[in-house]
*Asks:* 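My structure is below; once you've seen it, I'll send some questions.
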Amino acid sequence: MRPERITDVVAHHAESPVWWPRLGVLRFVDLYAGAILTLESDGSVSEVSVGSRVAACLRPRDRGGAIVATERGLAIAARDDLSDLTPWGQLFADARQRFNDGACDPHGRFYAGTTSYAGLDDIALLYRIDSGEAGAVPVVSNLTTSNGMAFSPDGQTAYLNDTAAMRTYEFDYSWASGLTNQRIFLSFQPEEGRPDGLTVDTEDGVWIALNGGGCVRRYSTDGDLTDEIRFPVSQITACTFGGPGHRTLFCTSSSLGLADEPAAGSVFAVDAGVRGWPLNTFIGEPPRMFT
C-alpha cells in the first residue's frame with residue numbers, strides 16, 4: 001500500500017476528513033484557520049470560514065448541509081455547498097478547552113470531544129449533541145485529548161482515541177445506554193506516534209493515524225496489527241474511506257512546526273485493499289439550548 005499525494009500543501013493542520021457522497025467530494029478542516037476545505041472533483045480546493053478561530057470537525061446532516069464543531073460551539077448549514085453556514089452558539093464556557101475531533105453514532109447523534117489548550121490532564125470531555133432541548137451532554141470524562149472516533153460495522157462498538165494519553169478506548173454502544181463499559185483497546189509508545197484520527201472498514205479493521213509516527217495502522221478487533229502504511233510526512237492526522245465504493249483511504253496531514261517536510265499539510269490517498277462505510281450522518285435539528 002503506497003500513498004499518493006493528491007494535493008499541494010493546502011492546510012496548516014488538516015483534520016477530520018469526510019467523504020461527502022451527495023457531492024462526490026472530500027471535505028476536511030484546517031483546524032486553527034477556522035476553515036472547511038473541499039477537495040473538488042477537478043482537484044481544486046475551495047474554502048469556507050466557520051466564523052470561529054477553530055474548525056474542529058464536521059459531519060454531513062442527513063437532509064443536507066453540515067454540523068461543525070467550532071472552538072466551543074457549533075456552526076450549521078442546511079445546504080451541501082455550505083453557502084448558508086452559520087455560527088449556532090456556545091456549548092460550554094470553559095475557555096481552557098476547545099473542541100477537537102468527533103463523529104456521529106449509528107442513530108444520528110453527533111459527538112465532539114475537547115482538549116485543553118495547555119495540555120492539562122483529565123479535564124477533557126466527550127459530549128453528545130442531541131436534537132431539540134437536550135443540548136450538549138457529557139458522556140465520557142477524564143480525557144486529555146479526545147480525538148478520532150468511529151463505530152464498528154454492526155454499530156455495537158465504539159472506538160475513541162485519547163491522543164495525549166497514548167490510548168485507544170473501546171466502548172459498548174446501544175441507543176438506550178449510549179457508550180458503556182469503557183476499556184483500553186490499544187496503548188502506544190512515544191516512538192510509535194500519537195493516536196490521532198480513526199476510522200473503521202467493512203471487515204471490522206480499525207485504522208489509526210499515528211501523528212508523529214508518519215503512518216496509518218490497521219488493527220483487528222483483537223488489537224493485532226495487520227497493516228501499516230508509511231507516509232513521506234511525519235504528522236499524519238486522520239483518515240477516512242471515500243471515493244467510488246468507499247475503496248480509497250484518504251489521509252490528512254499537518255505542517256505545524258515542519259519547515260523541513262515540503263509535503264506536510266497535503267492530502268494523500270491509498271488503495272487500502274478493503275472498503276469503508278459511509279460515515280454516519282447527523283439526523284434531526286441542532287440543539288436549541290446550550291449548557
Side-chain angles (χ1 to χ4, degrees), residues 1-21 24-31 37-45 101 147-148 150 153 159 161 163 168 186 188-279:
M1 292 183 288
R2 300 183 65 179
E4 176 189 0
R5 184 183 178 192
I6 59 172
T7 71
D8 294 330
V9 174
V10 293
H12 294 293
H13 189 76
E15 283 274 11
S16 188
V18 179
W19 181 254
W20 223 265
V25 299
L26 183 75
R27 283 195 164 129
F28 51 98
V29 300
D30 191 353
L31 193 146
L37 304 184
T38 301
L39 176 58
E40 307 286 355
S41 56
D42 64 1
S44 63
V45 176
D101 209 351
N147 217 322
Y159 300 95
N161 283 334
T163 301
T168 302
L186 293 166
F188 297 91
Q189 298 301 313
E191 62 270 18
E192 296 178 277
R194 303 176 299 278
D196 198 330
L198 182 155
T199 195
V200 176
D201 64 41
T202 58
E203 300 176 9
D204 284 321
V206 181
W207 297 80
I208 298 175
L210 290 171
N211 193 330
C215 66
V216 173
R217 289 179 175 176
R218 181 184 188 267
Y219 293 88
S220 71
T221 54
D222 294 326
D224 296 325
L225 176 63
T226 62
D227 289 290
E228 182 180 83
I229 306 168
R230 303 296 305 182
F231 291 81
V233 295
S234 59
Q235 294 186 13
I236 293 295
T237 56
C239 51
T240 196
F241 285 94
H246 285 80
R247 293 183 179 277
T248 300
L249 186 70
F250 293 100
C251 304
T252 51
S253 66
S254 173
S255 64
L256 294 177
L258 296 178
D260 59 342
E261 294 187 11
S266 304
V267 178
F268 298 84
V270 185
D271 180 355
V274 294
R275 293 190 301 113
W277 291 101
L279 294 180

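Residues: numbered from 1 along the sequence shown.
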*Asks:* If you measure only the distance, is there a donor-acceptor pair under 3.5 Å linking the side chains of Thr237 and Asp196?
*Replies:* no
*Asks:* For a quick test of reading the model, state the closest non-hydrogen atom pair linking Ala150 to Val200 and the distance between them.
*Replies:* CB-CG2, 3.8 Å
*Asks:* Mind checking the CG-CG spacing from Asp227 to Leu249? Nearest 0.5 Å is all I need.
*Replies:* 11.0 Å
*Asks:* Give a yes-or-no answer on whether the side chains of Asp222 and Ser220 include a donor-acceptor pair shorter than 3.5 Å.
*Replies:* no
*Asks:* Under 3.5 Å, which donor-acceptor pairs do the side chains of residues 261-272 form with other protein atoms, sequence neighbours left out?
*Replies:*
unit_1: Glu261; atom_1: OE1; unit_2: Ser234; atom_2: N; d: 2.9
unit_1: Glu261; atom_1: OE1; unit_2: Ser234; atom_2: OG; d: 3.4
unit_1: Glu261; atom_1: OE2; unit_2: Ser234; atom_2: OG; d: 2.8
unit_1: Ser266; atom_1: OG; unit_2: Arg5; atom_2: NE; d: 2.9
unit_1: Ser266; atom_1: OG; unit_2: Arg5; atom_2: NH2; d: 3.2
unit_1: Ser266; atom_1: OG; unit_2: Asp8; atom_2: O; d: 3.4
unit_1: Ser266; atom_1: OG; unit_2: Ala263; atom_2: O; d: 2.7
unit_1: Asp271; atom_1: OD1; unit_2: Gly273; atom_2: N; d: 3.2

*Asks:* For the pair Leu39 and Val10, evaluate side-chain contact (heavy atoms from CB on, under 4.5 Å) and give the outcome as yes or no after the intermediate values.
*Replies:* CA-CA 10 Å; Leu39 176 58; Val10 293; over 6 Å; no
*Asks:* Rounded to the nearest 0.5 Å, how far apart are CD of Glu4 and CZ of Arg2?
*Replies:* 11.0 Å
*Asks:* Looking only at heavy atoms, what is the nearest atom pair of Leu37 and Ala11, with distance?
*Replies:* CD1-CB, 4.1 Å
*Asks:* Can you check side-chain contact (heavy atoms from CB on, under 4.5 Å) on Ser253 and Phe231, steps first, answer last?
*Replies:* CA-CA 10 Å; Ser253 66; Phe231 291 81; over 6 Å; no
*Asks:* Charged N to carboxylate O below 4.0 Å: is that the case for Arg217 and Glu192?
*Replies:* yes
*Asks:* Heavy atoms only: give me the nearest Pro153-Asp204 pair and the separation to one decimal.
*Replies:* CD-OD1, 2.9 Å
*Asks:* Between Asn161 and Thr168, is there a side-chain donor-acceptor contact under 3.5 Å, judged purely by atom types and distance?
*Replies:* yes
*Asks:* Rounded to the nearest 0.5 Å, what separation is found between the NE2 atom of His246 and the OG1 atom of Thr202?
*Replies:* 11.0 Å
*Asks:* We want to know whether Arg218 and Thr226 form a side-chain donor-acceptor pair, criterion being a heavy-atom distance below 3.5 angstrom.
*Replies:* yes
*Asks:* Where does the angle between the aromatic ring planes of Phe250 and Trp19 fall among parallel (under 30°), tilted (30 to 60°) and perpendicular (over 60°)?
*Replies:* parallel
*Asks:* Just to verify, what does Ser41 make a side-chain contact (heavy atoms from CB on, under 4.5 Å) with, not counting sequence neighbours?
*Replies:* none
*Asks:* Decide side-chain contact (heavy atoms from CB on, under 4.5 Å) for Val18 and Phe28; before the verdict, give the C-alpha distance in whole Å, the side-chain angles of both, and the deciding distance to 0.1 Å.
*Replies:* CA-CA 6 Å; Val18 179; Phe28 51 98; over 6 Å; no
*Asks:* Heavy atoms only: give me the nearest Arg230-Pro3 pair and the separation to one decimal.
*Replies:* O-CG, 3.2 Å
*Asks:* So which heavy atom on Ile208 is nearest to which on Phe188, and how close?
*Replies:* CD1-CZ, 4.0 Å
*Asks:* Any side-chain heavy-atom pair from Tyr219 and Asp224 closer than 4.5 angstrom?
*Replies:* no
*Asks:* Between atom SG of Cys239 and atom CD1 of Ile229, what is the distance when rounded to the nearest 0.5 Å?
*Replies:* 8.0 Å
*Asks:* Set out, in order, the CA-CA distance, both residues' side-chain angles and the distance that settles side-chain contact (heavy atoms from CB on, under 4.5 Å) for Leu279 and Trp20, then state yes or no.
*Replies:* CA-CA 9 Å; Leu279 294 180; Trp20 223 265; over 6 Å; no
*Asks:* Kindly indicate whether the side chain of His12, heavy atoms from C-beta on, has any atom under 4.5 Å from the side chain of Asp30.
*Replies:* yes
*Asks:* Minimum heavy-atom separation for Ser16 and Ala238, please, with both atom names.
*Replies:* N-CB, 4.0 Å
*Asks:* Verify side-chain hydrogen bond (donor to acceptor under 3.5 Å, both in side chains) between Thr38 and Arg27, making sure each step is shown before the conclusion.
*Replies:* CA-CA 4 Å; Thr38 301; Arg27 283 195 164 129; 2.8 Å; yes
*Asks:* Output yes when a side-chain donor or acceptor of Asn211 lies under 3.5 Å from a complementary backbone atom of Arg194, and no otherwise.
*Replies:* no
